[in-house]
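For reference, the structure discussed in these notes is given below.
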Amino acid sequence: MDNVGECISKWRKEYGDAFGYYWGTVPHIMLSDLDLVKEVLVSDFNSYRNRNNQLSTQYPEFSMALQGLKDEEWKQVRSILTPVFTLSKMKHLSKFMADCTERLREVLENSREKNESINIHELFARFTSEIISMTALATETHPIKNPLDWFYVNVTKMFQGTMNSVTMLAIYFPLIGPLIAYLTPFTPFGRIKGSIRKKLVSEISRRKTWRPSIPDLVQLMLEARESDKEKLTFYLSDNHVIASSIFVLLGGYETTSNALAYTAYCLAVFPEIQDKLYDEIKESFPDGKVDLGRIHHIKYLDQVINETLRIFPPSPSFRREVTVDEAKLGPYRLPRDTVIEINVFGIHHDPNIWPDPWKFDPSRFELESKLKHHPMAWLPFGAGPRNCIGTRFALNEIKICLSKLLLQYRFIPSDKTESFPPKLDMLPATRVEPRHGLWIKLEKREDIN
Ligand code: HEM
């Protein structure tokens, strides 16, 4: 690991589990001390309830999306949107996910027949982008089968753009923000955001008189705002729904796709773990058909996913800001607007918290071992009242996809597969990427059993 990751771990060795630095003009505290992390995320939540809006200078809608909303407005929107992400609502979306998995299987089968290596990092990105566009953006796209699909191509460019040098400039020098905001519509992100926005405006208007037979996230949000009308003083506007949908794409697309890709890679390089997982999945679904209702009861599947998310957390850090005049954090006094960065990657790789941290060992998440961990030792989805609202959505998608594929195929290494762990690049404040992609091959189970 080099670049940002190395720099943070070097500073941590030198300055300890809570140290300060400046990003541009903004003071940041990098936190790896579990008790202090708990204070920020849970026990003293009200002093740190907002997320600092790095992206809002360039993308003003961010401040209307759930990720970017602040204070009372965030609380109200979160309480309207929470029911949208319950397990029972997720069941409606499972059908979309299962259909996309079947299309993915066809592509994989094609590669298997040709004995090709597959870059699953790229293929799962196409898979999750198709799911998010259909479920959250009411937009039908086909990137699984067509790598040149307009939506996928532009979304990929957009992700390369979210932390580009222009964004960095806006963070370092907030005063030039308005100029950057003016230019944003001409960037790939601006263009695709504009077209998604146009589509959502017309879709929300259409949904006044039409309801899809399987409700997607847009529909669930529109229904949630109506059902809470009497209870809340706040009304979720169309702009809130649109902003939240667009930023679901930012929060839920690459994170989920990386989680899936790293899990499949780990299963390919640790065949004994894959065999154990296959046995449990097969035992749960002896007729080979995945029952979407029972998918959350396969314990070893949870363990494998949890261990992957520990070693390769899709969000290597996340941020909150001080929202009171002075916050008391352990022995420290922090002024308003100080940014607290939670060092998820550092915590997940701390040998004092997770002995032999680079060892891929799903047994760490057996119930008895799990109970011994500090509640802040595993933070892929954050923690406390402002944790990831899409956790169930993501886990549902990952479990459906893996179970369906594993029942039919064995993931195996190819000559392009890197030995464990693969070389990683930690990009500033956003994600951990495999430097050379993640390559595997597939073998059909019926041929080998
Ligand atoms: C493996 C996949 C995912 C990971 C690792 C992940 C991780 C995270 C993390 C670390 C946070 C910040 C939590 C905090 O501040 O305590 C977050 C927030 C959020 N995530 Fe996710 N996420 C994933 C998938 C998704 C999906 C699929 C969606 C939507 C469908 C989603 C929507 C959101 C939203 C809206 C927030 C902001 C919540 C708020 O501010 O109230 N995420 N996520």
Side-chain angles (χ1 to χ4, degrees), residues 31 37-38 40-42 45 48-53 55 62-71 73-82 84-86 89-90 93 96-97 124-125 127-129 131-137 216-218 220-221 240-241 243-263 302 305-306 308-321 323 339-345 347-348 375-376 378-402 429-432:
L31 216 57
V37 169
K38 191 169 171 209
V40 171
L41 300 182
V42 185
F45 171 73
Y48 309 93
R49 62 187 175 275
N50 296 335
R51 197 162 282 129
N52 87 308
N53 290 353
L55 290 176
F62 184 66
S63 50
M64 287 202 95
L66 187 63
Q67 283 104 321
L69 283 170
K70 296 195 173 211
D71 304 314
E73 210 178 342
W74 165 75
K75 205 167 152 191
Q76 300 257 355
V77 174
R78 175 92 189 199
S79 98
I80 297 171
L81 294 187
T82 296
V84 168
F85 290 90
T86 55
K89 296 275 168 44
M90 284 306 104
L93 300 177
F96 283 121
M97 295 171 179
F124 281 131
F127 171 72
T128 51
S129 116
I131 290 183
I132 288 273
S133 67
M134 283 170 69
T135 55
L137 304 171
D216 56 12
L217 278 179
V218 175
L220 292 171
M221 283 196 259
H240 282 103
V241 174
S244 291
S245 295
I246 293 175
F247 283 91
V248 156
L249 175 63
L250 271 193
Y253 150 65
E254 270 218 331
T255 45
T256 314
S257 121
N258 276 350
L260 258 170
Y262 283 117
T263 312
D302 279 322
I305 295 169
N306 290 356
T308 308
L309 292 173
R310 181 189 68 77
I311 297 191
F312 306 103
S315 303
S317 70
F318 62 88
R319 299 184 162 105
R320 297 293 180 76
E321 68 184 4
T323 44
V339 173
I340 312 288
E341 186 163 0
I342 310 293
N343 184 10
V344 178
F345 195 91
I347 292 171
H348 286 190
M376 299 295 119
W378 185 76
L379 292 168
F381 297 104
R386 202 159 186 175
N387 68 352
C388 174
I389 200 171
T391 305
R392 286 197 190 91
F393 183 103
L395 291 177
N396 213 32
E397 183 177 336
I398 295 169
K399 288 178 183 182
I400 289 173
C401 178
L402 284 178
T430 47
R431 53 196 194 263
V432 181

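If you read the sequence from its start, that first residue is 1, and numbering goes on from there. Every number for a ligand or one of its atoms is a count from 1 in the order of the listing.
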Protein contact to [atom] [nearest heavy atom, distance to 0.1 Å]:
atom	result
atom 23 (C) of ligand 1	Thr255 OG1, 3.5 Å
atom 8 (C) of ligand 1	Cys388 CB, 3.6 Å
atom 32 (C) of ligand 1	Gly390 N, 4.0 Å
atom 36 (C) of ligand 1	Gln67 CG, 3.8 Å

Return yes when [X] approaches ligand 1 closer than 4.0 angstrom through a heavy atom, no otherwise.
X	answer
Phe247	no
Tyr253	no
Arg320	yes

Is a side-chain N or O of [X] found less than 3.5 angstrom from the main chain of [Y], in a donor-acceptor match?
X	Y	result
Arg386	Gln67	yes
Arg320	Arg51	no
Thr391	Cys388	yes
Asn50	Asp71	yes

Under 4.0 Å from a heavy atom of [X]: give me the atoms of ligand 1 that qualify, with their elements.
X	answer
Phe85	30 (C)
Trp74	39 (C), 40 (O), 41 (O)
Val248	29 (C), 30 (C)
Phe393	27 (C), 30 (C)
Ile389	34 (C), 35 (C)
Arg51	12 (C), 13 (C), 14 (C), 15 (O), 37 (C), 39 (C), 40 (O)
Pro314	5 (C)

For ligand 1, the portion of [X] having any non-hydrogen atom under 4.0 Å away:
X	value
Glu397	neither
Phe381	both
Thr256	both

Carboxylate-amine/guanidinium contact Glu321 Lys70, below 4.0 Å: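 Salt bridge flag = yes for Lys70 with Glu321.
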
How close do [X] and [Y] get, counting heavy atoms only, and between which atoms?
X	Y	value
Asp216	Thr135	CB-O, 3.3 Å
Leu220	Lys89	CD2-CD, 3.5 Å
Tyr253	Ala125	CE1-O, 3.1 Å

Shortest reach to [atom] by a heavy atom, considering only [options]:
atom	options	result
atom 10 (C) of ligand 1	Gly252, Ala383, Pro380	Pro380
atom 14 (C) of ligand 1	Arg392, Arg319, Arg386	Arg386
atom 39 (C) of ligand 1	Met90, Arg78, Lys75	Arg78

Sole residue of Ile80, Val77, Leu81 in side-chain contact (heavy atoms from CB on, under 4.5 Å) with Met221: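 So, applying the side-chain contact (heavy atoms from CB on, under 4.5 Å) to Met221 and each of Ile80, Val77, Leu81, only Leu81 qualifies.
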
Parallel, tilted or perpendicular, as decided by the 30° and 60° cut-offs, for the rings of Trp378 and His348: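 The rings of His348 and Trp378 lie parallel, inter-plane angle below 30°.
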
Distance, nearest 0.5 Å, that separates CD of Gln76 from NE2 of His240: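 Between Gln76 CD and His240 NE2, I get 10.5 Å after rounding to 0.5 Å.
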
Between Ser317 and Glu341, a side-chain donor and acceptor under 3.5 Å: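 On atom types as modelled, these side chains qualify, holding a pair under 3.5 Å.
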
